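Step one of this worksheet: look at the structure below.
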Amino acid sequence: VQLQASGGGLVRAGGSLRLSCAASGSILSINVMGWYRQAPGKQRELVATVTSSGTTNYEDSVKGRFTISRDNAKNTVYLNGNSLKPEDTAVYYCNAEVTVQNGLMARRTSIWGQGTQVTVSS
């Protein structure tokens with residue numbers, strides 16, 4: 001079971017980004033999917049989450065600028081960001097709370113993607 005993130009890169013201030021993250025493996029269901037970020041010298045922080053029913057939650061600094069969405073059929077979560085600021089510069093990580101097949105049983109676990117760098121230049 002793994003998450004594979006894509007997108008990111010170098011963006012000018014005021015520009016936009018689109019990140020994608022796809023889950024694969026023996027996944028029975030996915031509950032919450034989300035994006036987190038970690039800037040140099042800082043702790044990892046929540047950016048946004050979305051439940052399987054589409055309920056979203058955003059960190060205050062990205063409200064109105066970022067949009068999280070998911071495609072349940074593709075087990076994929078997206079993050080669209082507009083009006084990017086230099087302080088959005090960070091490594092962005094996707095996360096999913098999944099139920100996976102474990103032999104004859106199912107278990108719930110949290111998995112992380114590999115991280116993708118977003119750099120916003122001023």
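The structure displayed is predicted, hence computed values, not measured ones.
- Under the 4.5 Å side-chain heavy-atom criterion for grouping Ile, Leu, Val, Met, Phe, Trp and Tyr, Val100 is connected to Leu3 within one hydrophobic cluster.
- The side-chain heavy atoms of Asp71 and Tyr78, taken from C-beta on, include a pair separated by under 4.5 Å.
- With sequence neighbours left out, the salt bridge (Lys or Arg N to Asp or Glu O under 4.0 Å) criterion links Arg108 to no other residue.
- The backbone N or O of Val50 sits less than 3.5 Å from a side-chain atom of Arg70, completing a donor-acceptor pair.
- Ion pairing of Asp88 with Lys85 is absent here, as no side-chain N (NZ or NE/NH1/NH2) approaches a carboxylate O to less than 4.0 Å.
- One distance of note links CD1 of Ile68 with OG1 of Thr56; it measures 8.0 Å at 0.5 Å rounding.
- Closest of all the heavy-atom pairs between Thr116 and Gly8 is OG1-CA, 4.1 Å.
- Atom CG of Asn72 sits about 10.5 Å away from atom OG of Ser29, to the nearest 0.5 Å.
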Might you work through the side-chain hydrogen bond (donor to acceptor under 3.5 Å, both in side chains) test for Asn80 and Ser69, ending with a clear yes or no? CA-CA 8 Å; Asn80 288 290; Ser69 61; 4.7 Å; no

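- In this structure, OG1 in Thr67 is found 7.0 Å from CG in Asn82, a value given to the nearest 0.5 Å.
- There is no path of hydrophobic side-chain contacts, each under 4.5 Å, that joins Tyr93 to Leu19.
- Nearest heavy atoms, Val1 versus Ser26: CG2-N, 3.8 Å.
- Here CG of Leu46 is found 6.0 Å from CG of Asn57. Values are rounded to the nearest 0.5 Å.
- Considering OG1 of Thr49 and CE of Met33, their distance stands at 11.5 Å, rounded to 0.5 Å.
- For the salt bridge (Lys or Arg N to Asp or Glu O under 4.0 Å) condition, the pairs that include at least one residue of residues 39-53, sequence neighbours left out, are Arg37-Glu45.
- Under the 4.5 Å side-chain contact rule for hydrophobic residues, Ile27 and Val77 share a cluster.
- At least one donor-acceptor pair closer than 3.5 Å links the side chain of Gln101 to the backbone N or O of Gly103.
- By the criterion of side-chain heavy atoms lying less than 4.5 angstrom apart, applied directly or through intervening Ile, Leu, Val, Met, Phe, Trp or Tyr residues, Val120 is grouped together with Tyr58 in one hydrophobic cluster.
- Note that CZ of Arg107 is 11.0 Å distant from CG of Leu28, once rounded to the nearest 0.5 Å.
- Ile111 and Val32 sit in two unconnected hydrophobic clusters of ILVMFWY residues. Membership requires side-chain heavy atoms under 4.5 Å apart, directly or through other members.
- Proximity of a side-chain donor or acceptor of Ser83 to a complementary backbone N or O of Arg65 within less than 3.5 Å is not detected.
- Heavy-atom minimum distance, Thr76 versus Ala22: OG1-CB, 3.6 Å.
- The shortest non-hydrogen separation linking Cys94 to Ala5 is SG-CB, 4.1 Å.
- With 3.5 Å as the limit, one finds a donor-acceptor pair spanning the side chains of Thr119 and Gln117.
- Between Tyr92 and Phe66, the two ring planes are tilted [angle within 30° to 60°].
- Residues passing the side-chain contact (heavy atoms from CB on, under 4.5 Å) test with Val11 are Leu84, sequence neighbours excluded.
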